[in-house]
Amino acid sequence: MDACIIIPARFASTRYPGKPLVALTGAKGVARSLIERSVMAGRAASCGQIPIYVATDDERIADEARRIGADVIMTSDTCRNGTERVAEAVAVAGITADIVVNLQGDAPLTPAHFVTALIDAMRADPECSMATPFLRCDPETVENLLMDRRAGRVGATTVVADRAGRALYFSKEVIPFTNGRGIVNGKVPVFHHVGVYAYRPSALAAYQSWEPGPLEGLEGLEQLRFLENGHPIRMVEVSAPGAVFWELNNPSDVPLIEGYLARMGWD
């Protein structure tokens, strides 16, 4: 295999303990746990061609993953973020894939082509050791982001990139500064970072050797460890016409995501 998907999931989330087991009701009234919906997103992307694993340190999450037929890799409770958990899972399970995809367990609305676009980009450029997608926001999403910040909630992540498609910075603030506007000079200038990563094993090994830096600590964003150590992150622009992307970060996101599931007709 040249690629695999690992979904890191922990029970002890700081902002939302037990988040992977939270039930989300779909368009037909079926309630499924967040981890089940995350696995469904992975299966849609893999089309049965790429192995999918749930990496966790909690037996409750492991039991739920096994209930839906997912393979589980048990990891330690010392992992500080999803990238560390994915790196440990690769080592524990002896995974030899050349491309390891981290499909974070809080993004059940991730379209399949977001994942396949990452894998395709990595396959096309053997020199690329890490990639992640970003999505130009629509005015509704920008307003949701600004509303979170006005309410003091830490929500989705935005990113700015250079002209060569390399990440310059990621933030829980809305960047670039728009003075509260969703549209500037006829365009939406804000890009939503999609919490999916693809790594070469060498990038994961390097990550494990670095200590968290001050920016990672301030923002609470694991990917900043790469930038703080001078490691480039390739941004892959994706689009989702007719779809809405939003992560589950806070309890207030549950009705928002359920509304999007209903709008898109996802069961």
Side-chain angles (χ1 to χ4, degrees), residues 4-73 75 81-82 85-86 89 101-119 132-133 135 141 144 148 155-157 192-198 238 240-267:
C4 71
I5 295 172
I6 299 179
I7 302 173
R10 63 173 183 152
F11 192 90
S13 169
T14 303
R15 294 195 298 270
Y16 198 168
K19 182 170 66 172
L21 303 180
V22 169
L24 295 168
T25 301
K28 296 181 180 178
V30 177
R32 303 181 191 274
S33 67
L34 174 60
I35 193 63
E36 179 175 5
R37 293 195 177 277
S38 298
V39 170
M40 289 170 64
R43 286 172 175 165
S46 72
C47 297
Q49 303 300 309
I50 300 173
I52 301 172
Y53 308 93
V54 172
T56 186
D57 60 355
D58 192 278
E59 287 295 341
R60 290 164 290 188
I61 296 172
D63 287 343
E64 173 66 1
R66 294 186 187 107
R67 182 189 69 79
I68 60 175
D71 291 325
V72 174
I73 302 173
T75 54
N81 57 50
R85 194 172 304 281
V86 167
V101 175
N102 171 353
L103 177 60
Q104 298 201 75
D106 59 3
L109 301 177
T110 305
H113 70 275
F114 285 15
V115 178
T116 56
L118 270 193
I119 294 173
T132 189
L135 174 72
T141 302
N144 287 338
D148 270 351
T157 301
H192 191 162
H193 173 234
V194 179
V196 185
Y197 304 96
V238 294
V244 180
F245 180 80
W246 196 260
E247 301 102 334
L248 202 162
N249 293 298
N250 304 287
S252 59
D253 293 321
V254 171
L256 190 62
I257 290 176
E258 288 180 329
Y260 291 148
L261 288 169
R263 182 193 303 184
M264 295 186 291
W266 288 16
D267 185 30

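Using a 4.5 Å heavy-atom threshold, the side chains of I7 and N102 count as separate. Within the 4.5 Å cutoff, the side chain of T157 has no heavy atoms near those of the H192 side chain. Under the 4.5 Å side-chain criterion, counting only non-hydrogen atoms from C-beta, P108 is in contact with I257. Under the 4.5 Å side-chain criterion, counting only non-hydrogen atoms from C-beta, L109 is in contact with W266. Using a 4.5 Å cut-off on side-chain heavy atoms (C-beta onward), V86 and Y197 make no contact.
The OG1 atom of T116 lies 13.0 Å from the CD atom of Q49; values are rounded to the nearest 0.5 Å. Once rounded to the nearest 0.5 Å, the distance linking CG of D253 with CG of N144 reads 9.0 Å.
Applying the salt bridge (Lys or Arg N to Asp or Glu O under 4.0 Å) criterion to E64, with sequence neighbours excluded, gives R67. By the side chain to side chain donor-acceptor pair (under 3.5 Å) test, D57 pairs with no residue at all, sequence neighbours left out. The salt bridge (Lys or Arg N to Asp or Glu O under 4.0 Å) search around R10 returns none, not counting sequence neighbours. Listed by chain and residue number, T83, E84, Y207, E216, E222, R225 satisfy the side chain to side chain contact (heavy atoms under 4.5 Å, CB included) test with N81 (two or more places apart in sequence, or in another chain). With sequence neighbours left out, the side chain to side chain contact (heavy atoms under 4.5 Å, CB included) criterion links P20 to A9, I35, I61. Remark: A198 pairs with I99, V101, L118, M122 by the side chain to side chain contact (heavy atoms under 4.5 Å, CB included) rule, at least two apart or across chains. Partners of T110 by side chain to side chain donor-acceptor pair (under 3.5 Å), not counting sequence neighbours: none found. Contacts of N250 classified as side chain to side chain donor-acceptor pair (under 3.5 Å), with partners at least two apart in sequence or in another chain: none. D63 pairs by the salt bridge (Lys or Arg N to Asp or Glu O under 4.0 Å) definition with R66, not counting sequence neighbours. Taking V254 as the reference, Y16, V22, L24, L248, E258 meet the side chain to side chain contact (heavy atoms under 4.5 Å, CB included) condition, with sequence neighbours excluded.
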Show which side-chain atoms of residues 38-47 pair as donor or acceptor with protein atoms under 3.5 Å away, not counting sequence neighbours.
residue	atom	partner	partner atom	Å
S38	OG	L34	O	3.0
S38	OG	G105	O	3.1
R43	NH1	I68	O	3.4
R43	NH2	I68	O	2.8
R43	NH2	G69	O	3.3
S46	OG	G42	O	3.4
S46	OG	R43	O	3.3
S46	OG	G48	N	3.3

Could you check I52 against L103 for side chain to side chain contact (heavy atoms under 4.5 Å, CB included), going step by step and ending with a plain yes or no?
CA-CA 10 Å; I52 301 172; L103 177 60; over 6 Å; no
Applying side chain to side chain contact (heavy atoms under 4.5 Å, CB included) to V115 and I5, what does each step give before you reach the verdict?
CA-CA 9 Å; V115 178; I5 295 172; 4.2 Å; yes
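Between the side chains of H193 and T132, at least one donor N or O sits under 3.5 Å from an acceptor N or O.
Screening residues 17-31 for salt bridge (charged side-chain N to carboxylate O under 4.0 Å, His left out), with sequence neighbours left out, gives K19-D106.
Annotation for V54 and A70: closest pair CG2-CB, 4.1 Å, computed over non-hydrogen atoms.
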